[in-house]
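As structure tokens, the structure follows; a few thoughts come after it.
The chain is numbered in sequence order, starting from 1.
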Amino acid sequence: MRDRRAIRDGLAACAVGFAAILVGPAPVGAAERDGLYVMTRVWGSSVELAVWYFAGDRFVREPKAALRDFDFAGADPKTSGTVLVEGSRWTLRFGDGRVQAADYRAAQPAGQCFNWNAGLFCRVKTFQPGQVLAGSFTGGLGNTNVGSTRTYRFAPDGTYQIDTSSSLSSSGVLNGAVVGISRGQGGRYSLGETTITLTGSDGTVTVMTAFPYETTADPTRPDRLYIGGFMLRRI
């Protein structure tokens, strides 16, 4: 709980600090907008953190697959759609019919961040050529009933192992109980600028969106990683 509160407070401070240096609305072309972004948005005492990818007049929220030649046509309509730009006004139309519209505002650092719909979007950092990972990272997804936690264990020799678990988190008698654990998924990994390729011991190859987040003074040892829809913290 203390860890989550510290993360929330830190993100809130970051978002507020960036918001204080916003500059006026200005048109922006698709080529300038294209890229992968982390979005932070403050809602009262809580902070929303999400990942967005823009390419031309298309977008997707929380991309899982690799971004090169991303299949927008096959993406989930609840998290993807088209962008219409009219002056400084951006209108995002999701595949399921929902529409979100707000004014774009540039933010500092110039060309790296912008503000839209009360959210601060900043380009992600990328993995460095030849970079390897060392250590364990964990994170989860879930709702009020069922949660899923995934832990990646990376070794400098290019090998990995994944442990996953699910739990019930409703107010019932099994509140917080772990109901399933899967261990032993392992193999070798390699990093691209914004991807990780996992080659399992059975030969299965999986390529996912990935990038370092909240890096320390040593960029080769990130505090956090985003991998395939999970924001993971170092443990």
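- Scored by the side chain to side chain donor-acceptor pair (under 3.5 Å) test, Arg98 finds Asp96 as partners (sequence neighbours excluded).
- Tyr189 and Val207 sit in two unconnected hydrophobic clusters of ILVMFWY residues. Membership requires side-chain heavy atoms under 4.5 Å apart, directly or through other members.
- Looking at Arg234, its side chain does come within 3.5 Å of a backbone N or O of Pro222 through a donor-acceptor pair.
- Taken to the nearest 0.5 Å, the CE atom of Met208 stands 11.0 Å off from the NZ atom of Lys64.
- Checked against the 6.0 Å centroid threshold, Phe137 and Tyr152 do not count as a close aromatic pair.
- Residues Pro63 and Tyr53 come closest through the heavy atom pair CG-CB, 4.2 Å.
- Between Asp157 atom CG and Arg188 atom CZ the span is 6.0 Å, to the nearest 0.5 Å.
- Using a 4.5 Å heavy-atom cutoff, the side chains of Pro212 and Phe127 are in contact.
- Between Phe114 and Tyr104, the angle of the ring planes lies from 30° to 60°, which puts this pair in the tilted group.
- Between Leu133 atom CG and Ser190 atom OG the span is 10.5 Å, to the nearest 0.5 Å.
- Annotation: side chain of Met39 is in contact with side chain of Glu48 (closest heavy-atom distance under 4.5 Å).
- The shortest distance between side-chain heavy atoms of Asp163 and Arg153 falls below 4.5 Å.
- Distance OG1/Thr194 to CG/Leu67: 4.5 Å, rounded to 0.5 Å.
- Ring planes of Phe211 and Tyr226: parallel class, angle under 30° (limits at 30 and 60°).
- The local environment of CD in Gln131 is crowded, with over 12 non-hydrogen atoms from other residues, nucleotides or ligands closer than 6.0 Å.
- Residues satisfying the ring-ring contact (aromatic ring centres under 6.0 Å, His included) criterion with Phe72, sequence neighbours excluded, are Phe70.
- The shortest non-hydrogen separation linking Leu198 to Tyr160 is CB-OH, 3.7 Å.
- Cys122 SG to Tyr37 OH: the interatomic distance, rounded to the nearest 0.5 Å, is 9.0 Å.
- With a 6.0 Å cutoff to the six-membered ring centre and a 45° limit on the axis angle, Arg33 counts as a cation-pi contact of Trp90.
- Of all non-hydrogen atoms in Leu120 and Ala107, the two that sit nearest each other are CD1-CB, 4.2 Å.
- Side-chain atoms of Phe154 and Leu191, non-hydrogen and from C-beta on, never get closer than 4.5 Å to each other.
- In this structure, Ile196 and Leu225 have side chains that are not in contact, with every pair of non-hydrogen atoms separated by 4.5 Å or more.
- Taken from CD1 in Ile227 to OG1 in Thr195, the straight-line distance is 11.0 Å, to the nearest 0.5 Å.
- Between Leu232 and Thr138 the shortest side-chain heavy-atom distance does not fall below 4.5 Å.
- For the pair Leu92 and Asn117, the minimum side-chain heavy-atom distance is 4.5 Å or more.
- Under a 3.5 Å cut-off, the side chain of Arg123 and the backbone N or O of Gly111 do form a donor-acceptor pair.
- Of the possible polar contacts, one joining the Thr209 side chain to the Ala65 backbone as a donor-acceptor pair under 3.5 Å is found.
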